[in-house]
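Nothing here was measured: the structure is a model prediction, and the numbers come from that model. Counting convention: from 1, in listed order, for ligands and their atoms alike. Numbering starts at 1 and runs along the sequence shown.
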Amino acid sequence: MSVFTHPDFDDHEQVVFCHDKASGLKAIIAIHDTRLGPALGGCRMYPYASDADALRDVLRLARGMTYKSALAELPLGGGKAVIVGDPHRDKTPALFHAMGDFVDSLGGRYVTAADSGTGVPEMQLMAQRTHHVCGAIARDALEGGTRSGDPSPSTAYGVFLGLREAVHHRLGRDDLAGVRVAIQGVGHVGYDLARHLVNAGAEVCVSDVHAPNVQRAADELGARVVAPEDIYGQAVEVFAPCAMGGILNPDTLEALRAPVVAGAANNQLASPEIGAELQRRGCLYAPDYAINAGGIIDVCYERIGGSAAQIRAHVERIGPTLQQIFQRAEAEGVPTSVIADRLARERLATRAPAHA
Ligand code: NAD
């Protein structure tokens, strides 16, 4: 298993293979770029079928974090960690203590946070061994209880603003009154997005594989519920993926009727070519890591310190960033996904120290 010649190797600064025999920890930490600041990115726990799968995932995710933070103009680099293991079976305090030791050994070049398969309890275990952890404190204790404790509300607010920008650009609408939106997944982010949309007068339909979640959206927000397999084909103006990645693929594109895709899910494009296909079909795609940056903005301010008002103001910059992406994509005739990457690289190059 090579690293330097790996197809997903993108000049990553450091890749650390972590093994602790006593706890059974097997993990990889990838630091992609620290020119703008410490590499902040979540620690994922997943039962990878092979070490190669874990390496591929961590290399890609780490690079994605560099782009996401650079585009959001945060003083952060990009990194990620993956633990090979089943989060429902293999979690022990010793495992996360060992992981905390490895994170600490990097001296702050990598800062960890929760990701799929990990949460506040695991961050608290790691925080017993290292300071380089975000999300280890119950944040409802912050600011006299005015902050919620997880970054999802900031993510949802940013997605709402980005979605509004996309509707304005593609459909020429100044508000969302009567605009129909299909939300896939009404978990932490999707539900909060639905709430913003309903408050703005949009008509919302939702799907979720977890029945209580759709029920809550129906009961509390009056959302129309559709079966998970029917969400793509809804006659709506906006499709908002807020569940899992890879959902924009040749099969779903055949069913998709919405002229706008704007949602929170990470890695929505199953492959880069899908971005061009969406453009060809006249569908405006709000690049995932541009529109869903509210969460990393929130986490960043937890680290560097800042008020709820500062966080909100920073999240509100997501709208203008998307506007820039949409306008450039149109002017240059290239997919929005390509422009987002270019803009992220430009912001990285402009803000990186000259000696780097
Ligand atoms: P979550 O787990 O709270 O919610 C996801 C929801 O999707 C769940 O209700 C789940 O039942 C549902 N779901 C799963 N498979 C589905 C399917 N096939 N069809 C319909 N629904 C399905 O997660 P979340 O925190 O709300 O995050 C949602 C997405 O946004 C994820 O892709 C996540 O990576 C991304 N994201 C989240 C944040 C954040 O701050 N939470 C930040 C950036 C990106």
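Among the candidates I31, V16, I29, the single residue satisfying the side chain to side chain contact (heavy atoms under 4.5 Å, CB included) test with R109 is I31.
Distance NZ/K26 to CG/L95: 11.5 Å, rounded to 0.5 Å.
In terms of protein heavy-atom proximity, atom 29 (C) of ligand 1 is closest to A243 O, 3.6 Å. Nearest protein heavy-atom contact of atom 4 (O) of ligand 1 is G187 CA, 3.3 Å. Protein heavy atom nearest atom 5 (C) of ligand 1, with residue, atom name and distance: C242 O, 3.8 Å. Among all non-hydrogen protein atoms, the one lying nearest atom 39 (C) of ligand 1 is T155 OG1, 3.5 Å. Closest protein heavy atom to atom 18 (N) of ligand 1: M244 CE, 3.3 Å. What sits closest to atom 41 (N) of ligand 1 on the protein, heavy atoms only, is S152 OG, 3.2 Å. Closest protein heavy atom to atom 35 (C) of ligand 1: A264 O, 3.4 Å. Closest to atom 2 (O) of ligand 1 among all protein heavy atoms lies H188 ND1, 4.7 Å.
Under a 4.0 Å N-O distance rule, the pair E277/R281 qualifies as a salt bridge. Under the 4.0 Å criterion applied to side-chain N and carboxylate O atoms, R63 and D10 are assigned as salt-bridge partners.
Of the heavy atoms in N292, both backbone and side-chain atoms come closer than 4.0 Å to ligand 1. Within the 4.0 Å heavy-atom criterion, both parts of N266, backbone and side chain, lie near ligand 1.
Every atom of ligand 1 is numbered from 1 in the order shown, and the set under 4.0 Å from a heavy atom of A265 is 29 (C), 30 (O), 32 (O), 35 (C).
In this comparison of V209, I247, I231, the heavy atom closest to atom 15 (N) of ligand 1 sits on V209. Nearest to atom 27 (O) of ligand 1 by heavy atom, out of V189, V159, I183, V226, is V189. In this comparison of V214, N267, D208, the heavy atom closest to atom 6 (C) of ligand 1 sits on D208.
Here F160 pairs with H196 under the ring-ring contact (aromatic ring centres under 6.0 Å, His included) rule; sequence neighbours left out. In this view, F17 satisfies the ring-ring contact (aromatic ring centres under 6.0 Å, His included) rule with no residue, not counting sequence neighbours.
Between F4 and F9, the ring-plane angle classifies as perpendicular under the 30° and 60° cut-offs.
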